[in-house]
Amino acid sequence: MEKWQKLASKELKGHPIDHLAWKTTDNIPINPVYGQENLPGIPPYTRGIRATMYANRPWTIRQYAGFSSAEETNAFYHECLKGGQMGLSVAFDLATHRGYDSDNPRVTGDIGKAGVAIDTVDDMKRLFDGIPLDKISVSMTMNGAVIPIMAFFIVAAEEQGISQDKLSGTLQNDILKEFLVRNTFIYPPAPSMRIVGDIIAYCSKNLPRFNPISISGYHMHEAGATPAQELAYTLADGLEYVRTALATGLQVDDFAPRLSFFFGIGMDFFSEVAKLRAARTLWHEIMAQFKPENPQSLMLRTHCQTSGVSLTYQDPLNNVVRTTIEALAAVLGGTQSLHTNSYDEALGLPTPQSARIARHTQLILAEETNVTKVVDPLGGSHYVESLTQSLMDKAKEYMKEIEDLGGMTKAIQLGLPKRRIEEAAAQRQIRLDRQEDIVVGVNKYQGNDAPDVDVLDIDTHKVREQQLKSLTTIKKSRDPHQIETLLHALRHAAKTSDNLLEIAIKAARARATLGEISQALEDVFGRYQAPVKTLTGVWQKSMINDPDFIKLREDVARFAQENGRQPRILLAKLGQDGHDRGIKIIATAFADAGFDVDLAPLFLTPAEAAKQAVENDVHVVGISSLAAGHKTLIPDLIQELKSYQADDIKVICGGILPPADHQFLIDQGVSALFTPGSPLIEVVRKTLDTVRVCP
């Protein structure tokens, strides 16, 4: 305890720590820390990276937000900061993620939908108008178009009068997890890792307060990874980035203190607490091999976000409870910052009201519950300590498997961790369908009423017109010769070892657009197309003795006998949304039930999907929609099918489909709709019934 007292005093810069002790309403005295072994703030940091943790300063409330235009998002940010938010976390639209300007024909349904549209430095300036970037830290969830976005941020701050060394925040810049689960990549793996290294090197030299990478397990969690898988693969990614940074000539202490992490927090409460404790311990062990001199190089600092996949379409107000439980797990696990999801996100984009409830969930935890008064209050629990150790042991098995393959980059190229996560996701869905795992209101205690909540509706056509007007103005006012010279320099840098971010900043100052900077790099690196693979056998193996599954297989076989071929489905995602967890699970179900399944490549336009459907002579097209582009993209698909005189091909869709949009989609020609939580047998059965009525 004496050692902890000295460390705590140092953390408080010599101020007395007596004020950290407190008394309950029953006048019971409470100390800020309990236990003599493995104290907080002491290696290996199992109990927390700071001796006093929240007793000295609560976690940062950082809500992930962005929608429509830069102006609308800016107004929302100002309201959030007034309401108690401590930092900003920017959500970009999918066109921006994928390196396209808003005038690109491939992204007509994506503009401003799942984030804010950013095409130029001027958009970035409007995004942060009136927000002092030297005082407010900014997290930017960007992995594909990281070079232009970081360049725009630096130049926007510069034109606000703020130098680079004053900027604080985090760039996600975690491309490995994009190849693994989320898929918002642009370039192939090797040049993508080179970009990561360039950004780390530039920021280490010029932005000492900024985190150049946030190593993310969150999207693995959302894709279906177990806690041990998320833990192992996230740390394996982190190890790969450390090696990449060292290969640029940096010393470990030049960059390691600014590495940060990002974990998802689900409903398995104690496992999530243990996961964060295990992550800190394992990272200390991993980094010790590089022999850093700065103790901060050994500390795992993390942001957390409550689970999106745990949110239910049914009884959405119950999601407030789920988010609260998950947020408490993150806090008791020792997170440094936190985002809480809104209760309506399984139906559509969150409204200002639901976002306020989500933000206030954190404020209530921080200011009403007294959980901030004691560091690691679950430390010493036999269950929690045992679970922490068990997760570490299991994670080490997964990490050894990755290392034996030559590291995470090679493992991803071989497809191993992706397959492991997809198998786990399929098994989770099977357990839900069989009621082995319970989700209240979904597979047990169901209600009969359809959800009746408002969701945010973005007029993508209006936002796109606004962005096109802004792009036209910018292109008329700039020096085209200077732009071409700088883009040529960027292409040259891509072929050599010059720092890409350094040159992109010059291009941003001259008003090169995000699409132009991305295209210059694509001219050299190429654009990556992920291999298309369908997981089969997992559902069939688990359902082999299920009478409903047996009957379904018989009905599919009868269809094949009557029609001379199996029922055939094309499963596709339209637009730039790369979240493919749901569609991969659905593909498994259809294939195991006896359908011929064509799984389309990601990022198709409606015209491309229609062409593939006709050429493959399918009976039905199934569209998975998560990014709010369904009211544009699905009607366009149906019109494209009509242009081929292929009206007999049915269209079904599932995913995040607000109830208010259901009739619209049916009127447009959609034959069946499936909302989150629909049992797999129900999805396949209804689709088969739809195919049976084909002319």
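Every heavy atom of this structure was used, including side-chain atoms; hydrogens, water molecules and symmetry mates were not.
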Quiz prompt | Worked verdict on Ser310 versus Glu326 for side-chain hydrogen bond (donor to acceptor under 3.5 Å, both in side chains) | solution = CA-CA 10 Å; Ser310 73; Glu326 292 167 350; 2.7 Å; yes
Under a 4.0 Å N-O cut-off, is there an ion pair linking [X] with [Y]?
{"X": "Arg419", "Y": "Glu422", "result": "no"}
{"X": "Asp165", "Y": "Arg209", "result": "no"}
{"X": "Glu403", "Y": "Lys400", "result": "no"}
{"X": "Lys205", "Y": "Glu502", "result": "no"}
{"X": "Arg581", "Y": "Glu222", "result": "no"}
{"X": "Arg277", "Y": "Asp376", "result": "yes"}
{"X": "Arg420", "Y": "Glu401", "result": "yes"}
{"X": "Asp134", "Y": "Lys166", "result": "no"}

Would you say [Y] and [X] are linked by a side-chain donor-acceptor pair, where the criterion is simply a distance under 3.5 Å?
{"X": "Lys177", "Y": "Gln172", "value": "yes"}
{"X": "Asn143", "Y": "Glu178", "value": "yes"}
{"X": "His219", "Y": "Ser216", "value": "yes"}
{"X": "Asn341", "Y": "Gln305", "value": "yes"}
{"X": "Thr335", "Y": "Thr302", "value": "no"}
{"X": "Glu240", "Y": "Thr409", "value": "yes"}
{"X": "Ser137", "Y": "Arg62", "value": "yes"}
{"X": "Thr184", "Y": "Arg182", "value": "yes"}
{"X": "Asn173", "Y": "Tyr241", "value": "no"}
{"X": "Asn38", "Y": "Arg47", "value": "no"}
{"X": "Asp253", "Y": "Ser297", "value": "yes"}

Quiz prompt | OG-CE distance between Ser214 and Met140, expressed to the nearest 0.5 angstrom | solution = 12.0 Å
Quiz prompt | Gap separating the CD1 atom of Ile265 from the NE2 atom of His339, nearest 0.5 angstrom | solution =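 Answer rounded to 0.5 Å: 12.5 Å.
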Exercise. Could you give me the CA-CA distance, side-chain angles and deciding distance for Phe262 and Thr234, then say whether side chain to side chain contact (heavy atoms under 4.5 Å, CB included) is met?
Key: CA-CA 9 Å; Phe262 175 23; Thr234 305; over 6 Å; no
Please report the shortest heavy-atom distance between [X] and [Y], naming the atom on each side.
{"X": "Thr141", "Y": "His97", "result": "O-CE1, 3.0 Å"}
{"X": "Gly578", "Y": "Leu602", "result": "O-CD1, 4.2 Å"}
{"X": "Phe185", "Y": "Arg98", "result": "O-NH1, 2.5 Å"}
{"X": "Val242", "Y": "Phe255", "result": "O-CZ, 3.8 Å"}
{"X": "Ala151", "Y": "Leu501", "result": "N-CD1, 3.8 Å"}
{"X": "Ala411", "Y": "Leu405", "result": "CB-CD1, 4.0 Å"}

Quiz item: So is Lys396 actually on top of Tyr398's ring, under 6.0 Å and inside 45° of the axis?
Solution: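 Checked: cation-pi criterion not met.
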Quiz item: What about the rings of Phe261 and Trp283, do their centers lie closer together than 6.0 Å?
Solution: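 Here the rings of Trp283 and Phe261 have centres that are less than 6.0 Å from each other.
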Quiz item: Hey, would you say the Tyr187 and Tyr528 ring centroids sit under 6.0 Å apart?
Solution: no
Quiz item: Are Leu88 and Leu81 side-chain neighbours, meaning at least one heavy-atom pair lies under 4.5 Å?
Solution: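 They are in contact (side-chain heavy atoms under 4.5 Å apart), so the answer is yes.
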Exercise. Could you check if a side-chain atom of Met267 sits within less than 4.5 angstrom of a side-chain atom of Ser307, using non-hydrogen atoms only?
Key: no
Practice problem: Show your reasoning for whether side chain to side chain contact (heavy atoms under 4.5 Å, CB included) applies to Lys418 and Lys584. | Solution: CA-CA 11 Å; Lys418 188 177 187 71; Lys584 288 290 186 68; 3.7 Å; yes
Self-check item: side chain to side chain contact (heavy atoms under 4.5 Å, CB included) between Phe290 and Leu246, intermediate numbers included
Solution: CA-CA 10 Å; Phe290 298 105; Leu246 291 172; 3.7 Å; yes
Quiz item: How are the rings of Phe128 and Tyr77 set to each other: parallel, tilted or perpendicular (split at 30° and 60°)?
Solution: parallel
Quiz item: Any chance CD of Gln289 has more than 12 other-residue heavy atoms, nucleotides or ligands included, within less than 6.0 Å?
Solution: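 Above 12, so yes.
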Quiz item: Which of these, Met53, His303, Arg50, sits in a side-chain contact (heavy atoms from CB on, under 4.5 Å) with Gln336?
Solution: Met53
